[in-house]
Q: 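I'd like to ask you about the structure that follows.
Values in this document were obtained by computation on a predicted structure and should not be read as measured data. Protein chains get the first letters and strands the later ones, always in sequence-line order, with residue 1 at the start of each.
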Amino acid sequence: MGGLRVGYACVNTQLPSSARTLRLANVTPERLRKLIAANLEALEAILGWNERHGVEVFRLTSNLIPFGSHAANELLWWEEFARRFEEVGGLILRAGMRLSTHPGQCTVLSSSRPEVAAAAVAELEYHDRLLSALGLDRSHKIVLHVGSGAGDPKTAVDRFLSGFARLSPGAAGRLVLENDERWPLAPVLALAARVRLPVVFDVFHHRLAASFDGLAVRDLVLRAGDTWHRRDGRQEVHFSTQAPGKRPGAHAETLDTSEFTRFVDEVYDLPLDCVLEVKDKERSVLTAHELLRRRTCA
DNA sequence: GGAAGTCAAGTCTCG
DNA sequence: CGAGACTTGACTTCC
């Protein structure tokens with residue numbers, strides 16, 4: 001069955017944060033335990049809201065486990081909280097939700113600095129452990145940018161490949177690459193083909209750094225779609241628009257319904273999981289749902 | 001209580 | 001050369 005599913009990233013503006021953390025200087029096992037428990041509680045509430053509102057696509061915050069890939073966190077949190085993870089994961093599976101994560105800008109697998117690449121490997125392993133603790137299979141993805149060195153693509157690709165080779169099968173099996181302003185879709189597809197990774201097409205980043213001149217958005221989505229296989233689950237795409245008056249690349253406050261309608265007109269029949277990257281989060285998802293509902297009726 | 005400053009990490013752009 | 005920006009602010013200090 002085709003059809004577009006729309007979701008959002010990390011934060012529900014009406015509910016408590018699932019990304020509470022503390023300062024490195026203040027880390028103790030007890031404080032970490034308290035925050036992990038609180039973050040899982042908050043995540044469960046957000047997922048409950050999503051379930052009640054028919055939102056099936058969601059991005060987990062990287063900060064669910066404070067210092068999840070840092071030596072300062074010595075907890076075996078995936079064991080200590082195994083029951084809670086199972087409960088929350090059960091909700092996700094019951095509701096047919098699709099989760100992904102998106103490590104931050106400090107996760108640079110292609111860095112020329114060995115310690116940075118090593119930290120990136122650790123971060124990706126943490127994300128895999130998190131999704132696995134929830135009982136989610138490899139269709140629940142970790143979405144990563146290629147990283148540094150777009151000016152010198154050849155060596156950057158080599159560094160990326162050697163970083164990728166250091167990942168566990170679990171983390172490698174979840175990895176997905178996303179085009180951005182430095183790495184347009186064409187070079188990302190070329191790199192992804194070498195390691196057989198799926199590719200997330202980000203419409204906004206594509207507008208800022210276009211490749212494949214002349215191809216319609218639908219064609220680009222289809223090209224990215226060729227990289228997704230059955231075991232990877234539904235193809236993920238990202239949608240956002242330029243914040244008016246802000247620097248190029250700044251994400252808009254809310255969904256631009258006319259641009260989104262144009263996007264939907266091109267891809268509504270494809271089986272896509274679309275993450276909206278807008279500041280008002282779940283509210284724009286409801287707007288998108290309404291828009292899609294009317295479209296179906298019309 | 002509220003405002004301002006600071007926080008694990010990288011990299012690039014702009015002023 | 002420092003600040004700001006990036007998928008997501010949240011914590012701590014100071015008044």
Q: Measure the distance from CZ on A:Arg31 to P on C:dT12 and round it to the nearest whole Å.
A: 7 Å
Q: Under the 3.5 Å rule, do the base of B:dT11 and the side chain of A:Ser148 count as making a donor-acceptor pair?
A: no
Q: C:dA10 P sits how many Å from A:Lys34 NZ, rounded?
A: 20 Å
Q: Distance check, P atoms only: C:dG9 and B:dC12, in whole angstrom units.
A: 25 Å
Q: If I take atom NE2 in residue A:His145 and atom P in nucleotide B:dC12, what distance separates them, rounded to the nearest angstrom?
A: 14 Å
Q: Are any non-hydrogen side-chain atoms of A:Leu167 and A:Val121 less than 4.5 angstrom apart?
A: yes
Q: Mind checking the C1' distance from C:dT7 to B:dG5? Whole angstroms is fine.
A: 24 Å
Q: Assess whether a salt bridge exists between A:Asp269 and A:Arg218, defined as any Lys/Arg side-chain N lying under 4.0 Å from an Asp/Glu carboxylate O.
A: yes
Q: By nearest nucleotide on DNA chain C, pick out whichever of A:Leu35 and A:Leu60 is the more 5' one.
A: A:Leu60
Q: Taking atom P of C:dC6 as reference, at what distance in whole Å does atom CD of A:Glu277 sit?
A: 11 Å
Q: Any Lys/Arg nitrogen of A:Lys34 or A:Glu30 sitting under 4.0 Å from an Asp/Glu carboxylate oxygen of the other?
A: no
Q: What integer number of Å spans the P atoms of B:dT6 and C:dG2?
A: 15 Å
Q: NA contact type, A:Thr21, heavy-atom cut-off 4.0 Å: base, sugar-phosphate, or nothing?
A: sugar-phosphate
Q: With a 3.5 Å cut-off and heavy atoms only, can you find an N or O donor on one side and an acceptor on the other between the side chain of A:Arg23 and the base of B:dT6?
A: yes
Q: Is the closest basic N to carboxylate O distance between A:Arg33 and A:Glu80 below 4.0 Å?
A: yes
Q: Measure the distance from CZ on A:Arg59 to P on C:dC6 and round it to the nearest whole Å.
A: 13 Å
Q: For nucleotides C:dT8 and B:dA3, find the distance between their P atoms and express it as a whole number of Å.
A: 23 Å
